[in-house]
Protein chains: 4
Amino acid sequence: MRSENGSTGRSFVEVARRRQIIDAAIETVAERGYANASLAHIATTAGISKSVISYHFAGKEELLREVVTAVFDECGEAVGAALASCRTWTERLAATITGQLEYLRDHRTRWLAASEIVISHRDESGTPLYLQSGDEEIEGIVGILEAGRDAGEFGAFDVRIAALTVVHGLDGVLTEWQKDESLDLDDYGRRLVAFILRAVRPGAS
Amino acid sequence: MRSENGSTGRSFVEVARRRQIIDAAIETVAERGYANASLAHIATTAGISKSVISYHFAGKEELLREVVTAVFDECGEAVGAALASCRTWTERLAATITGQLEYLRDHRTRWLAASEIVISHRDESGTPLYLQSGDEEIEGIVGILEAGRDAGEFGAFDVRIAALTVVHGLDGVLTEWQKDESLDLDDYGRRLVAFILRAVRPGAS
Amino acid sequence: MRSENGSTGRSFVEVARRRQIIDAAIETVAERGYANASLAHIATTAGISKSVISYHFAGKEELLREVVTAVFDECGEAVGAALASCRTWTERLAATITGQLEYLRDHRTRWLAASEIVISHRDESGTPLYLQSGDEEIEGIVGILEAGRDAGEFGAFDVRIAALTVVHGLDGVLTEWQKDESLDLDDYGRRLVAFILRAVRPGAS
Amino acid sequence: MRSENGSTGRSFVEVARRRQIIDAAIETVAERGYANASLAHIATTAGISKSVISYHFAGKEELLREVVTAVFDECGEAVGAALASCRTWTERLAATITGQLEYLRDHRTRWLAASEIVISHRDESGTPLYLQSGDEEIEGIVGILEAGRDAGEFGAFDVRIAALTVVHGLDGVLTEWQKDESLDLDDYGRRLVAFILRAVRPGAS
DNA sequence: CATGAATGAGGGTTCATTCAT
DNA sequence: AATGAATGAACCCTCATTCAT
């Protein structure tokens, strides 16, 4: 049993190369857009030969999926860490929003690239990636909202609608940030949290 | 007195052909995605030769921009009509949401295509369309929210954040609908309106 | 017998239209070069529809040939007129050079276009036009040189070589003029005549 | 120490392929003319796929410029070699003519192609190549003529006019050779030299 | 482990020509 | 007499992928 690493059977060098290529792909997609991010451009960005990519990845498809997985996993971990120290459901709801915005703030390029790919890429059957991904994020927020409602922290409203509003509201931040580079994401987060908390606070519907 | 048309100098036949091509482009983009919507596919969908498109449009760029303009104008008119009969700012806010959802319900393909293009298409300088368009929609909602707040219908909150939440929340509906074809958009709209109204209602914070 | 014109059977309007198109072709070829002178550009220059050209000319081939014929005939007439008043063979040789340069000076665009076409255009068999044209010009100079030699005005040299040198030397003037717009063609002509006369003057060798 | 090549960073195989493609381009242009020399035809002539050309050259533009450079450099070297063994300016003038004619005799196709390209090709701004190139050849002849005049070998005449006459006279040889395949270039050269020497010989202007 | 080389498919665009009106 | 409309061929170029080395 070769156990240089986990269970993938990849050597240390191999893992490093893949990471390098993934990073180059992220940079390229973020800069030039999904449609203009050819393997040639990615290879140039990485400073390697084009066929190195083909050697380490089964194809462009796999590379792009790895980008998405890597970024979304990172972000998920960041949000998870932010959630760990929360005491109330209100705090957890706020942490979900601010946690993701903090990731976005610190890893804008990565998030931008992953978003582009999820939105634009389609598998060979023509199905977009964003229709293939699970709804863990939404389910997580739904869980927080339901628990908070049961605990009396939140009022009565459609939790799924609320969760979707939060998720898509977060997506919109990136656009705002692109339109206005000087946007203060921390401040934006506080105000977004405030607005969402208004919506979920107890009281007449 | 040549009165075949308005001020564009286009004949009736020309206008019809352009519309046909635009419709074919919409269908193709919605079905295959922006990146796979080649002129060849669009032509095939329209049942015409590839070069007919080049004859009627200066290029793919112009065709795509016309698609976006056509769809967004249509939707804007629909929402404008819905707003016309409103008495209160609350009604206007609700009508903005339901009006757009009704357009989306009745013209799903058109909206889908226009969204894809706005998100994915970049001009020759590499700037995406969604960063080029103005913010009329957001400004409109901001106006409603401010007026409603001044009229005492709404509470005190960051109107821009609120407007962005509404706009991006609407964008998210399409994704939900694609994931679940049986989604009742009218019902969804009522619940989304209810949630947003919770957020904007007067009261603490 | 409809005899509005000569023997071509073309009406006055028809002739005018053809001339208009020929002029537009000349202007376009001179400005954009043979390879970039499409019927579309020619039509735009003429301010007419593209298919008008096809209506009046059997094809692009015919149009281009007409351009060449028209310009070369004009130039030939100009040179012929210059020759008419000459008394000596030396004068005739000089008039051949200065006559053509005067045409060039006064009709630069026309000459430029015709030259481009003759050099670049090939018929459907692939034969360039410049290999199809007769050698009237060269023969004419050869005739002058032989007569002048027999009359004792010129020395003994290869008349064909001399004629070719004159003809191609004239071609080169256009290039010089393009490189230096301020070139004084009259002066250039005088100096070119002087040089050629040195070569043909009687004497050793 | 990587010493596969000089300073271009191209491997041996790469250089060979480029040469092969350049040769195929030369053959194609010479045979079909500049305007009909598509990359597809060049590829067919080379017996390779069309995209191989794009792989080895940045574009058609680069390929064509390489053709011109290669041929003109070759010819320049040949003429330079012929000049090296000359003692008098008269010999040098003659060697300039015969040297180029010898190159033309031995590499007719190459010269023909390069000439076609220089005359017909335009860069993206529309400027023809022949207006971009320097005048090294003309300057060289001018230098010979001036030195020869100062040395008393030649008479008094406009050296620039003379140089241009020589250069364009040489261009004309190719046309003559195309019209008459049986033309003896060596003989032609001797007679052309004789004619030019008549023109430059000392004596009254 | 890495890569230079090659390829065929497909991209958008321009073109000369035809045809019904 | 004129033209708007349409077409298919050909244009150059980019692409993801494969393969021998």
Side-chain angles (χ1 to χ4, degrees), chain A residues 11 13-14 16-17 35-43 48-64, chain B residues 4 9-14 16-18 21 35-43 46-64, chain C residues 10-11 13-14 16-17 35-43 48-64, chain D residues 4 9-14 16-18 21 35-43 46 48-64:
Chain A
S11 73
V13 174
E14 167 80 2
R17 259 279 191 261
N36 300 112
S38 68
L39 289 188
H41 287 135
I42 294 171
I48 58 176
S49 168
K50 209 173 36 165
S51 42
V52 180
I53 300 176
S54 297
Y55 180 78
H56 288 281
F57 293 89
K60 196 181 186 185
E61 171 87 12
E62 195 196 53
L63 171 56
L64 294 178
Chain B
E4 271 186 294
R10 292 198 185 99
S11 72
F12 173 77
V13 175
E14 166 81 0
R17 256 282 187 264
R18 283 175 70 97
I21 294 170
N36 302 112
S38 68
L39 289 188
H41 287 135
I42 295 172
I48 58 177
S49 169
K50 204 173 47 162
S51 48
V52 178
I53 299 177
S54 296
Y55 177 75
H56 289 282
F57 293 89
K60 197 184 187 184
E61 172 88 13
E62 191 194 67
L63 171 56
L64 294 178
Chain C
R10 295 198 184 97
S11 73
V13 174
E14 166 80 3
R17 259 278 190 261
N36 301 112
S38 68
L39 290 188
H41 288 135
I42 295 171
I48 57 176
S49 168
K50 208 173 38 165
S51 41
V52 179
I53 300 177
S54 297
Y55 180 78
H56 288 282
F57 293 89
K60 197 181 187 184
E61 171 87 13
E62 194 197 53
L63 170 57
L64 294 178
Chain D
E4 271 186 294
R10 293 198 185 98
S11 73
F12 173 77
V13 175
E14 166 82 1
R17 257 282 187 264
R18 284 176 69 97
I21 294 169
N36 302 111
S38 68
L39 289 188
H41 287 134
I42 295 171
I48 58 177
S49 169
K50 206 174 42 166
S51 46
V52 178
I53 300 177
S54 295
Y55 177 76
H56 289 282
F57 293 89
K60 196 184 187 183
E61 172 88 13
E62 192 194 67
L63 172 56
L64 294 178

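Protein chains get the first letters and strands the later ones, always in sequence-line order, with residue 1 at the start of each.
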Report summary line: D/Ile42 atom CD1 is separated from F/dA10 atom C1', nearest whole Å, by 14 Å
Query raised in the report: Which base, if any, makes a Watson-Crick or G-U wobble pair with F/dC11, both distances under 3.5 Å?
Result: E/dG12
Query raised in the report: Is any side-chain heavy atom of B/Glu62 closer than 4.5 Å to a side-chain heavy atom of B/Arg18?
Result: yes
Query raised in the report: Quick one: is E/dC1 close enough that its OP1 or OP2 comes under 4.0 Å of any side-chain N or O from A/Ser11?
Result: yes
Report summary line: Of D/Ile48 and B/Lys60, the one whose closest nucleotide on DNA chain E sits nearer the 5' end is D/Ile48
Query raised in the report: Atom OG in C/Ser11, atom CZ in C/Arg17: separation rounded to 0.5 Å?
Result: 11.0 Å
**Report entry** 5'-most by nearest nucleotide on DNA chain E - C/Ser54 or B/Ser54
**Finding:** B/Ser54
Query raised in the report: Quick one: on DNA chain F, does D/Asn36 or B/Ser49 contact a more 5' nucleotide (nearest heavy atom)?
Result: B/Ser49
Query - Rounded interatomic separation in angstrom, taking CZ from B/Phe57 and P from F/dA6 - result: 12 Å
**Report entry** Among F/dA5, F/dT14, E/dA2, the one nearest B/Tyr55 by side-chain distance
**Finding:** F/dA5
Requested in this report: In whole angstrom, give the distance that lies between atom NE2 of B/His41 and atom P of E/dG10.
Outcome: 8 Å
**Report entry** Closest to the C/Val52 side chain, choosing from F/dT17, E/dT17, F/dA2
**Finding:** F/dA2
Requested in this report: Please state how far atom CD1 in D/Ile53 lies from atom C1' in E/dA5, giving the value in whole angstrom units.
Outcome: 15 Å
Report summary line: From CG of B/Leu64 across to P of E/dG12 the rounded distance in Å is 9 Å
Query - Shortest side-chain distance from B/His56, nucleotide among F/dA5, F/dT17, F/dT14 - result: F/dA5
Requested in this report: Please tell me which of the listed nucleotides, E/dA5, E/dT7, E/dT17, lies nearest to the side chain of C/Leu39?
Outcome: E/dT17
**Report entry** Non-hydrogen atoms of C/Ile53 and C/Leu63 that approach each other most closely
**Finding:** CG2-CD2, 4.0 Å
Report summary line: pair_partner(F/dA20), Watson-Crick or wobble, both distances < 3.5 Å, evaluates to E/dT3
Query raised in the report: When we call it a touch if two heavy atoms are under 4.0 Å apart, what does B/Ser38 touch: a base, just sugar-phosphate, or nothing?
Result: sugar-phosphate
**Report entry** Separation between CZ of B/Phe57 and CD1 of B/Ile42, rounded to the nearest 0.5 Å
**Finding:** 9.5 Å
**Report entry** Any donor-acceptor N/O pair, B/Ser51 side chain to B/Ser54 backbone, under 3.5 Å
**Finding:** no
Query raised in the report: So what does D/Glu14 hit on the nucleic acid, given a heavy-atom distance under 4.0 Å: a base, only sugar-phosphate, or nothing?
Result: sugar-phosphate
**Report entry** D/Ser51, nearest nucleotide to its side chain (from F/dC15, F/dT7, E/dT18)
**Finding:** F/dC15
Report summary line: D/Lys50 NZ to E/dG11 C1', in whole Å, measures 11 Å
Query raised in the report: At under 4.0 Å, does any side-chain N or O of D/Arg17 touch on OP1 or OP2 of E/dG4?
Result: no
Report task. Mind listing the closest non-hydrogen atom pair of D/Ala43 and D/Lys50 along with its distance? Result -> CB-CA, 3.6 Å
Query raised in the report: In whole Å, what is the span from the CD atom of C/Glu61 to the P atom of E/dC15?
Result: 18 Å
Report summary line: Between CD1 of D/Ile21 and P of E/dA5 the distance, given in whole Å, is 11 Å
